[in-house]
K.L.:
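Sharing a structure here in structure tokens format.
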Amino acid sequence: MTSRPSTGLGDRLARYRKMAGLSAQDVSERLGGELSRSVIANIESGRKSDITVDQLLALAWVLDIPPVALALPIHEPFRHVQVVKGDSVTQSMTAATLIDWFLERPGFNERLKPAGPGRTLVLAILKALSRYQSDRRRAYLDSRRTDEQKNSDPARYAENERELAASRQELLDLGVDVAERGPLD
């Protein structure tokens, strides 16, 4: 049987909320009232399944789970999930395949169809961003070392700075806004 990705959203939300030891009221309060206790109850009961991306991310943050755990039925990997429904087109796949697509796991692209220009750009950005974040974390850790530690291997620190500058430039070349607006997360 094929269902929509939102089928079971309420059950998933209730499962993770209970695992976190939170009441619906607790979740609402941690969300700053963005979703009321009654809206959370409506989601959990299945009366409401249309939540915004902002709400999905906020719920996942409060529950300390990856957003994919709410968005898709990860506990039912072989359930068929309908992605597109139209007059002449119906596309469904297993939840496991959909999770691979959602997470853009290697190999998924080749199974379905060749990557188009949008996907090619997104994949390049994701790869470059991963490299940049890694370089940024390394530079942050370097900045916390003592002068004695830094003087022990100056070439290493210089290379780390070059790699950070190169990965930043790669993102800029891809049209990514790399203006840093806060502490390293």
Side-chain angles (χ1 to χ4, degrees), residues 5-6 9 12-13 15-16 19-20 30-32 34 51-79 81 83-84 91-185:
S6 60
L9 168 64
R12 294 188 294 271
L13 175 58
R15 173 189 298 207
Y16 295 114
M19 287 178 71
R30 290 183 183 196
L31 290 171
E34 183 176 341
I51 64 173
T52 68
V53 171
D54 294 344
Q55 292 167 337
L56 176 81
L57 294 174
L59 285 165
W61 183 268
V62 165
L63 299 173
D64 192 26
I65 58 173
V68 68
L70 288 177
L72 300 173
I74 66 171
H75 292 285
E76 298 175 273
F78 303 109
R79 184 172 105 195
V81 179
V83 181
V84 177
Q91 177 66 49
S92 70
M93 59 186 75
T94 65
T97 302
L98 188 56
I99 291 163
D100 284 346
W101 175 54
F102 194 91
L103 299 175
E104 197 54 54
R105 289 195 176 133
F108 177 78
N109 297 340
E110 295 78 31
R111 288 197 308 254
L112 227 51
K113 58 185 175 182
R119 183 184 291 161
T120 300
L121 175 61
V122 167
L123 291 174
I125 290 171
L126 291 174
K127 186 176 180 181
L129 184 58
S130 177
R131 190 171 25 260
Y132 179 69
Q133 288 292 85
S134 177
D135 292 344
R136 218 174 136 218
R137 280 188 286 279
R138 189 171 39 254
Y140 173 76
L141 291 174
D142 285 351
S143 73
R144 297 180 51 95
R145 299 193 193 285
T146 66
D147 287 338
E148 182 180 320
Q149 289 171 318
K150 290 177 187 175
N151 291 333
S152 69
D153 192 1
R156 180 182 130 205
Y157 295 100
E159 179 62 23
N160 288 349
E161 287 299 319
R162 280 191 295 277
E163 288 175 0
L164 178 60
S167 61
R168 184 179 193 282
Q169 186 59 52
E170 183 180 10
L171 285 170
L172 288 169
D173 292 345
L174 290 167
V176 175
D177 176 4
V178 291
E180 296 173 11
R181 296 179 179 89
L184 181 67
D185 295 325

K.L.:
Can you see which heavy atom on Glu161 is nearest to which on Ala139, and at what distance?
P.N.:
OE2-CB, 4.0 Å
K.L.:
Can you confirm whether Val81 sits close enough to Met93 that some side-chain heavy atom of one is under 4.5 Å from a side-chain heavy atom of the other?
P.N.:
no
K.L.:
Would Arg145 and Tyr157 count as a side-chain contact (heavy atoms from CB on, under 4.5 Å) if you check the C-alpha gap in whole Å, the side-chain angles of each, and the deciding distance to 0.1 Å?
P.N.:
CA-CA 11 Å; Arg145 299 193 193 285; Tyr157 295 100; 2.8 Å; yes
K.L.:
Measure the CG-CD distance between Leu98 and Gln91 for me, rounded to the nearest 0.5 Å.
P.N.:
10.0 Å
K.L.:
For Glu163, which residues count as a side chain to side chain contact (heavy atoms under 4.5 Å, CB included) partner, sequence neighbours excluded?
P.N.:
Asp135, Arg138, Glu159, Asn160
K.L.:
Quick one: salt bridge (charged side-chain N to carboxylate O under 4.0 Å, His left out) pairs with a partner in residues 52-63, sequence neighbours left out?
P.N.:
none
K.L.:
Once you round to the nearest 0.5 Å, how far does CZ of Arg12 lie from CG of Leu59?
P.N.:
12.0 Å
K.L.:
List the atom pairs, donor and acceptor, that lie under 3.5 Å between side-chain atoms in residues 122-132 and the rest of the protein, sequence neighbours left out.
P.N.:
residue	atom	partner	partner atom	Å
Arg131	NE	Glu170	OE1	3.2
Arg131	NH2	Glu170	OE1	2.8
Arg131	NH2	Glu170	OE2	2.8
Tyr132	OH	Glu180	OE2	2.2

K.L.:
By side-chain hydrogen bond (donor to acceptor under 3.5 Å, both in side chains), which residues pair with Ser6, not counting sequence neighbours?
P.N.:
none
K.L.:
Of all residues at least two apart in sequence or in a different chain, which pass the salt bridge (charged side-chain N to carboxylate O under 4.0 Å, His left out) check with Arg156?
P.N.:
Asp142
K.L.:
Tabulate below the donor-acceptor pairs under 3.5 Å that side-chain atoms of residues 64-78 make, not counting sequence neighbours, or state none.
P.N.:
residue	atom	partner	partner atom	Å
His75	ND1	Arg15	NH1	3.1
His75	NE2	Arg15	NH1	2.9
His75	NE2	Tyr16	OH	2.8
Glu76	OE1	Arg79	NH1	2.8

K.L.:
Answer yes or no: is there a side-chain heavy-atom contact under 4.5 Å between Leu63 and Leu13?
P.N.:
yes
K.L.:
Run the numbers on Val83 and Trp101 for side-chain contact (heavy atoms from CB on, under 4.5 Å), then give the verdict.
P.N.:
CA-CA 11 Å; Val83 181; Trp101 175 54; 4.3 Å; yes
K.L.:
Got a second to check how far Leu56's CG is from Leu9's CG, nearest 0.5 Å?
P.N.:
7.5 Å
